[in-house]
Visitor: 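Could you have a look at this structure, given as structure tokens, before my questions?
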Amino acid sequence: MKVLQTISSISAADGGPSTCTYDLLKALQETDSKVELVTLRSGGDLGDGEPWLTLLDNDAWSPVCISKNLRRYLRGSDIDIIHANALWAYHCHISAKIAKEKNIPFILTPHGMLMANAIKRKKWKKWPLLKLWFDKDVASASAIHATCMMEGQNIRRFGYKGPIAVIPNPMPPVEWINEIIEDHSSKRIGFLGRLHPVKRVDKLIEGWKLLGEKADGAELVLIGSGTSEYEKYLRKLASECKHGKITFQGFLKGKEKFQMLASLRTLCLVSVYENFGMVVTEALSVGTPVIANITTQWFELNSYNCGWWIDATPENIAKSIEKALDLTAEELKIMGINGKKLIEERYTAKRVAGMMNGLYKWVLNGGEKPEYVYTLVNDLI
């Protein structure tokens with residue numbers, strides 16, 4: 001079985017879709033399917049030298065990255081399945097079109113781009129693309145891959161009636177993970193991600209401010225970068241906090257990022273919405289509990305006792321941070337162990353790759369439906 005995945009570009013700077021696609025492709029190499037990835041050359045730092053990655057010369061000449069090179073490559077490929085990652089670019093449309101021409105299955109991983117909140121953002125730009133290409137492309141998919149039940153529900157609400165496979169993003173093995181020194185004893189609370197309004201970092205700072213004197217001796221570390229305008233706004237909010245300390249760490253990656261995560265007492269993810277939230281699996285993998293908004297899919301933080309899944313108002317954020325600051329060393333240790341158990345049981349790259357490989361086989365050959373594939377219109381609502 002030959003599977004060809006497509007994505008517009010692959011670079012750590014592109015964020016979640018690129019890194020998650022890379023992690024999955026790498027894990028899929030250990031399965032019995034031949035899975036490759038093709039993208040336009042972007043000068044990125046992911047997948048350099050990987051034999052399963054084809055970088056085409058970047059001839060994208062429009063805002064939606066129309067590429068003759070990609071079209072020519074797909075038409076000339078001997079493949080059984082085409083699998084596109086993300087929407088709003090030509091690679092997705094041409095993947096659907098070539099799959100139809102070749103009469104082979106087309107699988108789509110929208111990476112949260114069919115979430116209701118995501119479609120509302122820049123709707124003036126997305127609506128014409130939906131009518132021109134993507135309404136039909138989405139409807140033509142043999143299956144759509146959602147990374148959580150919440151995303152699957154949004155895909156149903158969008159109007160897709162075909163099979164939806166709920167397969168999480170993988171937490172890849174980190175070769176130097178044993179070199180990371182875990183120390184959750186400090187009163188350091190963290191945020192990791194883009195400094196963007198959708199991440200609600202301002203609400204996190206408001207929650208920190210509500211702690212008042214309880215924040216004395218504690219530190220809120222904001223890890224990431226964003227627009228200068230929004231960061232200036234956040235710095236102004238931070239300057240108004242009279243207790244505790246707020247620091248802007250900037251963008252971190254690799255070992256340095258994991259070491260920072262391992263130094264936190266808890267990580268906060270209080271976004272308006274998240275398709276998945278890889279920062280959660282990264283934090284849990286180094287024993288750091290997580291506070292996450294109920295608009296994200298991370299209910300398991302409560303059921304596994306490795307964090308707090310809350311309605312992230314500033315008041316509730318403050319209460320949860322206070323709980324984290326009050327944890328004993330033994331309680332922190334137990335929550336850390338629970339978080340690692342959650343990752344091992346549900347989110348390892350090997351397990352996720354096996355699920356995706358199972359989807360490929362089912363879409364191509366039929367047979368018994370995997371338990372994580374939902375085929376009834378009302379089964380995810």
Side-chain angles (χ1 to χ4, degrees), residues 1-10 17-18 21 24-25 28 31-42 47 51-111 113-114 125-146 155 158-165 167 356-367 369-370 373 375:
M1 177 172 58
K2 297 179 181 177
V3 182
L4 184 62
Q5 289 204 25
T6 64
I7 193 169
S8 59
S9 66
I10 185 110
S18 280
T21 299
L24 178 59
L25 262 292
L28 280 167
T31 68
D32 58 1
S33 296
K34 182 179 180 183
V35 188
E36 299 179 358
L37 177 67
V38 62
T39 186
L40 299 178
R41 190 178 300 276
S42 61
W52 44 263
L53 175 63
T54 297
L55 291 170
L56 302 177
D57 287 337
N58 191 346
D59 64 335
W61 55 268
S62 73
V64 291
C65 302
I66 293 175
S67 166
K68 290 183 179 179
N69 286 338
L70 180 59
R71 182 175 68 236
R72 189 181 303 117
Y73 186 91
L74 292 178
R75 283 198 169 127
S77 297
D78 177 23
I79 47 180
D80 299 306
I81 296 173
I82 295 180
H83 180 168
N85 290 276
L87 287 169
W88 316 126
Y90 178 75
H91 78 279
C92 180
H93 169 64
I94 197 61
S95 294
K97 184 176 181 179
I98 299 301
K100 185 175 181 180
E101 288 179 6
K102 292 178 175 286
N103 194 29
I104 61 175
F106 167 60
I107 295 176
L108 172 64
T109 300
H111 291 283
M113 296 180 187
L114 288 176
K125 176 181 179 182
K126 294 171 181 176
W127 187 87
L129 291 174
L130 284 170
K131 300 308 170 186
L132 177 64
W133 287 341
F134 294 119
D135 274 341
K136 293 180 181 178
D137 294 340
V138 170
S140 74
S142 305
I144 293 185
H145 163 217
I155 292 169
F158 179 81
Y160 177 70
K161 295 180 173 59
I164 295 177
I167 303 173
M356 185 60 73
N357 193 35
L359 174 64
Y360 290 152
K361 291 180 178 179
W362 179 74
V363 166
L364 190 62
N365 304 317
K369 179 178 69 67
V373 175
T375 56

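Residue numbers run from 1 in the order of the sequence given.
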Visitor: Under 4.5 Å between any side-chain heavy atoms of Leu70 and Ile94, yes or no?
Guide: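 Yes; the side chains approach each other to less than 4.5 Å.
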Visitor: Using side chain to side chain contact (heavy atoms under 4.5 Å, CB included), reason through Asp80 and Ile104 one step at a time and then give a plain yes or no.
Guide: CA-CA 6 Å; Asp80 299 306; Ile104 61 175; 5.8 Å; no
Visitor: Report the C-alpha separation of Trp88 and Lys125 in whole Å, then their side-chain angles, then the decisive distance to 0.1 Å, and conclude whether the side chain to side chain contact (heavy atoms under 4.5 Å, CB included) test is met.
Guide: CA-CA 9 Å; Trp88 316 126; Lys125 176 181 179 182; over 6 Å; no
Visitor: So how far is it from Leu56 CG to Tyr73 OH, rounded to the nearest 0.5 Å?
Guide: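 Leu56 atom CG to Tyr73 atom OH measures 7.0 Å (nearest 0.5 Å).
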Visitor: When rounded to the nearest 0.5 angstrom, what distance separates CD1 in Ile155 from CD1 in Ile164?
Guide: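 These two atoms lie 5.0 Å from each other.
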Visitor: How far apart are the closest heavy atoms of Leu364 and Ile81, and which atoms are they?
Guide: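 Minimum heavy-atom contact is CB-CD1, 4.2 Å.
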Visitor: Would Met1 and Asn357 count as a side chain to side chain contact (heavy atoms under 4.5 Å, CB included) here? Give the steps.
Guide: CA-CA 10 Å; Met1 177 172 58; Asn357 193 35; 3.8 Å; yes
Visitor: Do the rings of His93 and Trp133 sit parallel, tilted or perpendicular, given the 30° and 60° boundaries?
Guide: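 Judged by the thresholds at 30° and 60°, the geometry between His93 and Trp133 is parallel.
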Visitor: Measure across Ala86 and Met113 and return the closest heavy-atom pair with its distance rounded to 0.1 Å.
Guide: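 In terms of heavy atoms, the two residues are closest at CB-CE, 3.6 Å.
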Visitor: Looking at OG1 of Thr109 and CD1 of Ile167, how far apart are the two atoms once the value is rounded to the nearest 0.5 Å?
Guide: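 So the OG1 of Thr109 and the CD1 of Ile167 are separated by 8.0 Å.
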Visitor: Minimum heavy-atom separation for Leu74 and Thr6, please, with both atom names.
Guide: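 Taking every non-hydrogen atom into account, CD2-CG2, 4.0 Å.
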Visitor: Quick one about Ser67 and His91 (side-chain donor to acceptor, distance below 3.5 Å, no hydrogens or angles considered), yes or no?
Guide: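 Short answer, no.
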Visitor: Donor-acceptor check, side chain of Lys102 to backbone of Ser77, threshold 3.5 angstrom: yes or no?
Guide: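 Checking the backbone N and O of Ser77 against the side chain of Lys102, a donor-acceptor pair under 3.5 Å is found.
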Visitor: Is there a side-chain contact between Leu114 and Tyr160 in this structure, where contact means two heavy atoms from C-beta onward sitting under 4.5 Å apart?
Guide: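 In short, these two side chains do not touch, never coming nearer than 4.5 Å.
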Visitor: Rounded to the nearest 0.5 Å, what separates atom NE2 in His145 from atom CG in Leu359?
Guide: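 Separation between the atoms: 8.5 Å.
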Visitor: How long is the span from the CD1 atom in Ile98 to the CZ atom in Arg75, to the nearest 0.5 Å?
Guide: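 Output value for this atom pair is 4.0 Å.
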Visitor: Locate the shortest heavy-atom distance separating Leu40 from Asp57; write the atom from each residue and the value.
Guide: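 Closest approach of Leu40 to Asp57: CD2-O, 4.0 Å.
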Visitor: Can you check whether Pro163's main-chain N or O pairs, donor with acceptor, with Thr375's side chain at less than 3.5 Å?
Guide: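 No.
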Visitor: Hey, is the main chain of Val3 close enough, under 3.5 Å, to the side chain of His83 for a donor-acceptor pair?
Guide: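 No.
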Visitor: Indicate yes or no: at least one non-hydrogen side-chain atom of Phe106 is less than 4.5 angstrom from one of Val363.
Guide: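 Sidechains of Val363 and Phe106: no contact.
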Visitor: Could you go through Tyr360 and Leu28, starting from their C-alpha distance and side-chain angles, then the distance that decides it, and tell me whether this counts as side chain to side chain contact (heavy atoms under 4.5 Å, CB included)?
Guide: CA-CA 11 Å; Tyr360 290 152; Leu28 280 167; 4.3 Å; yes
Visitor: Considering all heavy atoms of both residues, which atom of Ser140 and which atom of Ala96 are nearest to each other, and what is their separation?
Guide: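 Heavy atoms of Ser140 and Ala96 come nearest at OG-CB, 4.1 Å.
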Visitor: Surrounding NZ of Lys369 (heavy atoms of other residues, nucleotides or ligands, distance under 6.0 Å), is the total greater than 12?
Guide: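 Enclosed.
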Visitor: Test your reading of the model: is there a side-chain donor-acceptor pair from Thr39 to the backbone of Leu55, 3.5 Å cut-off?
Guide: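 No: the side chain of Thr39 does not pair with the backbone of Leu55.
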Visitor: Quick one, Tyr90 and Arg71 - any side-chain contact, counting heavy atoms below 4.5 Å?
Guide: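 They are in side-chain contact.
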Visitor: Checking salt bridge (charged side-chain N to carboxylate O under 4.0 Å, His left out) for the pair Asp32/Lys361: CA distance, chi angles, key distance, verdict?
Guide: CA-CA 10 Å; Asp32 58 1; Lys361 291 180 178 179; 2.8 Å; yes
Visitor: Heavy atoms, side chains only, cut-off 4.5 Å: are Met356 and Thr31 in contact?
Guide: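 Result no, sub-4.5 Å side-chain heavy-atom pair not found.
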Visitor: Spell out, as yes or no, whether a donor-acceptor pair under 3.5 Å connects the side chain of Asn85 to the backbone of Ile7.
Guide: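 Looks like no, no N/O pair under 3.5 Å.
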Visitor: How long is the span from the CG atom in Asp137 to the CG atom in Leu108, to the nearest 0.5 Å?
Guide: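 Reported value, rounded in 0.5 Å steps: 8.5 Å.
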Visitor: Heavy-atom distance under 4.5 Å between the side chains of Lys97 and Lys136, does that happen here?
Guide: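 No, too far: nothing below the 4.5 Å cut-off.
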Visitor: Over all heavy atoms of both residues, which pair between Pro370 and Trp362 is shortest? Give the atoms and the distance, please.
Guide: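 Answer, listing the atom of Pro370 first, then Trp362: CD-CG, 3.6 Å.
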